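Just so you know, these numbers come straight off a predicted model, no measurement behind them. All residue numbers refer to positions in the sequence shown, counting from 1.
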Amino acid sequence: MSCIFNHRANKAWHFVAGAAALLTLAPIGSASAQSLASAGRTSNQVAIGTALDAVSGRTNAARQSQIDAIRALPVALRGSALGQLSPQSYTLLPQLAIQSMDASDTMLHNYIVTRRDIAEEAPATIAMSGARTFHATLMGDVRQATYKSGFDRPRATTDSRSIAFAADFSPIPGAIVGVTLGIDGIDARLDPARPRITYFNSHIGPYASIVRGKVYVDANASYTLSEYKLRRQVEFTGVNDRLRVNQDGDGWAANAETGLMVKRGVARIQPFVGIHYRYADVSGFRETGGISALDVAGYRTQSLRSGVGARVSANVKRGNWALRPSAQAEWRRELLKNPESRMEFRFANGDILNTFTLLPSQLKKDAAYLSAGITATRNSRTSFRLAYTGELANDRHINGFVATISRRF
């Protein structure tokens with residue numbers, strides 16, 4: 001009887017000890033098995049978290065160290081860490097190319113407007129078409145831009161500068177035909193904690209303008225070649241990968257505008273409507289520099305915007321000089337439902353075979369375009385222009401200053 005009792009007592013003791021051990025180990029097991037997917041705040045982050053959960057405990061040391069580092073973060077920071085593992089820092093790259101196209105178009109179109117004014121106001125003794133009506137123009141522009149953050153899209157600030165050359169002639173009265181070429185450089189910080197990303201763009205294209213009575217039509221197009229130097233940093237406690245790649249892309253732009261020219265004394269009012277097409281892409285690339293390196297497929301942004309606005313100018317003569325202050329306001333609206341393509345990517349080292357899709361939030365479709373400046377022309381031949389230009393929307397502000405000098409030969 002005593003043996004039976006002792007045997008049962010021993011079994012009870014082992015049960016209690018085992019239960020106590022399980023209770024002691026329970027928090028450790030729960031911590032090691034916690035789901036990274038549950039920390040995701042967007043579908044992109046959830047997908048990456050799910051893939052990391054699937055390989056946890058059976059992947060290489062570098063990846064496991066990264067997984068453990070994310071799990072060691074406070075819950076509120078894990079989603080951000082998962083987002084860093086995606087190419088969200090690159091989502092605005094095609095938009096920067098479009099920003100460059102817009103700047104080039106603004107410089108050129110301001111010049112065309114001035115060119116028409118000179119032709120209309122020139123004395124009858126100066127021929128403005130046919131022989132000796134060749135014009136050469138040098139244009140420069142500096143800009144600063146701020147893009148607010150959105151889902152899977154970082155905040156971005158940029159500094160840029162452009163220079164362009166244009167040459168045209170008037171084959172018949174009221175007509176202008178020319179070509180422009182230029183370069184543009186952008187320094188972008190696509191997140192306060194990231195190194196700068198640099199972008200270099202070169203463009204070339206034709207332009208034309210024709211006036212018949214009070215009606216004018218302007219049109220221009222350009223091809224753009226882009227080169228990007230990308231530097232991305234994945235950084236949180238336990239992880240510090242500095243990733244890099246040099247990549248290229250290209251794009252197209254086309255614009256058309258028509259309006260009326262109404263004179264009231266020295267003032268001129270020009271209501272107008274326009275259409276603006278942009279296409280910019282980034283070729284596929286592979287990063288180097290750490291376990292976080294990605295293979296990113298090519299992606300693009302395509303934009304078709306309508307424009308409605310008016311410009312007001314005046315012509316004040318002072319001896320051999322004519323001064324033309326002007327101001328313009330335009331409202332543009334994006335007409336395409338999905339201007340940005342999705343981004344597809346996967347980890348470059350091959351331990352995770354999943355292909356992920358990133359769908360960043362789109363920029364606002366409505367924006368105001370403003371400009372104001374003054375042009376000084378001597379003897380209807382040499383012109384100097386200084387102007388401010390701005391693009392204002394709920395999620396972005398782009399401010400620029402333009403200087404132009406043109407000469408008729």
For this session: Report the residues that fulfil side chain to side chain contact (heavy atoms under 4.5 Å, CB included) with Ala69, sequence neighbours left out, ordered by chain and then residue number.
Result: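 Checked Ala69 against side chain to side chain contact (heavy atoms under 4.5 Å, CB included); matches are Phe236, Val239.
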Could you check whether [Y] and [X], counting side-chain N and O atoms only, form a donor-acceptor pair closer than 3.5 Å?
| X | Y | answer |
| --- | --- | --- |
| Arg311 | Ser326 | no |
| His203 | Ser222 | no |
| His135 | Arg407 | no |

With sequence neighbours excluded, tell me which residues meet ring-ring contact (aromatic ring centres under 6.0 Å, His included) with [X].
| X | result |
| --- | --- |
| Tyr147 | none |
| Phe384 | none |
| Tyr90 | Phe285 |

Between the side chains of Asp187 and Arg161, is the shortest nitrogen-to-carboxylate-oxygen separation below 4.0 Å, so that they form an ion pair?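 Asp187 and Arg161: salt-bridged.
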Can you check whether Val46's main-chain N or O pairs, donor with acceptor, with Thr50's side chain at less than 3.5 Å?
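Such a contact is found between Thr50 side chain and Val46 backbone.
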Exercise. Which residues pass the side-chain hydrogen bond (donor to acceptor under 3.5 Å, both in side chains) test with Arg346, sequence neighbours left out?
Worked result: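 Not a single residue meets the side-chain hydrogen bond (donor to acceptor under 3.5 Å, both in side chains) criterion with Arg346.
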Query - Pairs where residues 34-54 contributes a residue and the test ring-ring contact (aromatic ring centres under 6.0 Å, His included) is met, not counting sequence neighbours - result: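 Residue pairs passing ring-ring contact (aromatic ring centres under 6.0 Å, His included), neighbours aside: none found.
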Review point. Where is the tightest heavy-atom contact between Leu92 and Arg153, given as atom of each residue plus distance?
Key: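 So the minimum-distance heavy-atom pair works out to CD2-CD, 3.8 Å.
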- Closest non-hydrogen atom pair, Ser160 against Ile186: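 The pair with the smallest heavy-atom distance is CB-CG1, 3.4 Å.
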Ring-plane angle category for Phe347 and Phe356, please: parallel below 30°, perpendicular beyond 60°, tilted otherwise.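 Ring orientation, 0 to 90° scale: perpendicular.
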